[in-house]
Each structure stands twice: as structure tokens, then as C-alpha cells.
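Values below: every heavy atom of this structure, side chains too, minus hydrogens, waters and symmetry copies. The structure displayed is predicted, hence computed values, not measured ones.
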Amino acid sequence: MEDLLKEKLWFYIIHNNPDLTFALQEEYDVLGYLNEKVSSVKSLLEDMLSERTPQYIIEEICLNILTEDLKPSRFIYLQSLLSDEFETTYTAFQESGILTYEVINLMESCQPIFETIGFTKENEEDPTLRNALIGQIADYLS
């Protein structure tokens, strides 16, 4: 079950936090990160297994806990803003195969805004955050 959780966590990270994917690969620490994360839910996992909780429920509960600090995804948010507000550029990046790379660069460029305003599930729809990020994306692209 632990290996399955590691596999599903890695799949989540690849699709929602590719910046973390690259950082972990660059540091050769993918396995260490996954082991540490899964060990943080080990006692809960063991309790649920001993209670004969169905596997799909165990997976869902554990993955929600394991991905909690990875949500919301800045990558997905910026990719969505790029797609919505800069459609031509988004399409060009996508067609040339550099979309992920450019969105990761945008994340670095937008880091001060994320730190100043914050980025949580609660303020994901905040127009101030959205407008500040759109302005920063426009600056980055010019």
C-alpha cells in the first residue's frame, strides 16, 4: 500500500506541481521525498488497514493528507491565467513544447506576488491576486 501511495503521490506532483518534480529530480531526492511524505501517514495507514477499511477509501484519505501542502497548485493557476488571458502566447508555447518550462519560469517571476498576497484555497478567486498576476505575466512576456 505504501508503494501505491508513493506512485499516486508522484503522479499528482508531476501533473500539478512540475516545479517540484524538476527540483526533486535535480537534487536526486525523489525517493527520499516520497518516503518522507508517506511515512508521515504511516500510523493512519496502519490503523485503517487493521480496521479493514476499503483500499479506495485509504487511498483517498491518505492522498488528501499527502497533497494538502501542495494545494492549490500555483502551476495550474498560472497556466490557466496564461490560457485565459494570453491565449495566443499559450498556444504558441504549447505548440512549441515549452509550455511547462515557461509556466515554471512564470512561477519564479510571480513569486513575490504569491508571497505578498498569499495563495490559498480561500483567495484563489481574489481579483486583486488575479490582476496582479496578469500584470506580472504581461511584464514577463514583454
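Scored by the side chain to side chain contact (heavy atoms under 4.5 Å, CB included) test, E46 finds K42 as partners (sequence neighbours excluded). Under the ring pair (Phe, Tyr, Trp, His ring centres under 6.0 Å) criterion, F11 pairs with H15, sequence neighbours left out.
Distance check: I57 CD1 to M48 CE gives 9.5 Å after rounding to the nearest 0.5 Å. With rounding to the nearest 0.5 angstrom, the CG atom of N105 is 10.5 Å from the SG atom of C110. Atom-to-atom distance recorded for I113:CD1 and I134:CD1 is 10.5 Å, nearest 0.5 angstrom. Interatomic distance, CG of L81 versus CG of L129, reported as 8.0 Å (0.5 Å rounding).
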After noting the C-alpha distance and the side-chain angles of N123 and T120, does the key distance pass the side-chain hydrogen bond (donor to acceptor under 3.5 Å, both in side chains) rule?
-> CA-CA 5 Å; N123 77 343; T120 63; 3.2 Å; yes
Residues Y90, E85; criterion side-chain contact (heavy atoms from CB on, under 4.5 Å); working and verdict = CA-CA 9 Å; Y90 175 87; E85 302 295 328; over 6 Å; no
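Contact detail for F86 and A138: the closest heavy-atom pair is CZ-N, 3.9 Å.
Applying the 6.0 Å contact sphere to CD of E60 captures no more than 12 heavy atoms from other residues, nucleotides or ligands. Taking a 6.0 Å sphere around CD of E87, one finds it holds 12 or fewer heavy atoms contributed by other residues, nucleotides or ligands.
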Which atom pairs, one a donor and one an acceptor, fall under 3.5 Å between side chains of residues 30-38 and the rest of the protein, sequence neighbours left out?
| from | atom 1 | to | atom 2 | distance (Å) |
| --- | --- | --- | --- | --- |
| N35 | OD1 | K6 | NZ | 2.5 |
| N35 | ND2 | L31 | O | 3.2 |
| K37 | NZ | L66 | O | 2.9 |
| K37 | NZ | D69 | OD1 | 2.8 |
| K37 | NZ | D69 | OD2 | 3.3 |

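A 4.5 Å side-chain heavy-atom check between N16 and L70 finds every atom pair outside the cut-off. Residues Y12 and L63 form no side-chain contact, since every pair of their non-hydrogen atoms from C-beta on lies 4.5 Å or further apart. Side-chain atoms of T100 and F93, non-hydrogen and from C-beta on, never get closer than 4.5 Å to each other.
A cation-pi arrangement is present between R74 and F114 under the rule of less than 6.0 angstrom and at most 45 degrees off the ring axis.
With respect to the salt-bridge test (charged N to carboxylate O, under 4.0 angstrom), the residues K71 and E124 do not qualify.
Put simply, the side chain of T53 never gets that close to the backbone of I58: no donor and acceptor are under 3.5 Å apart.
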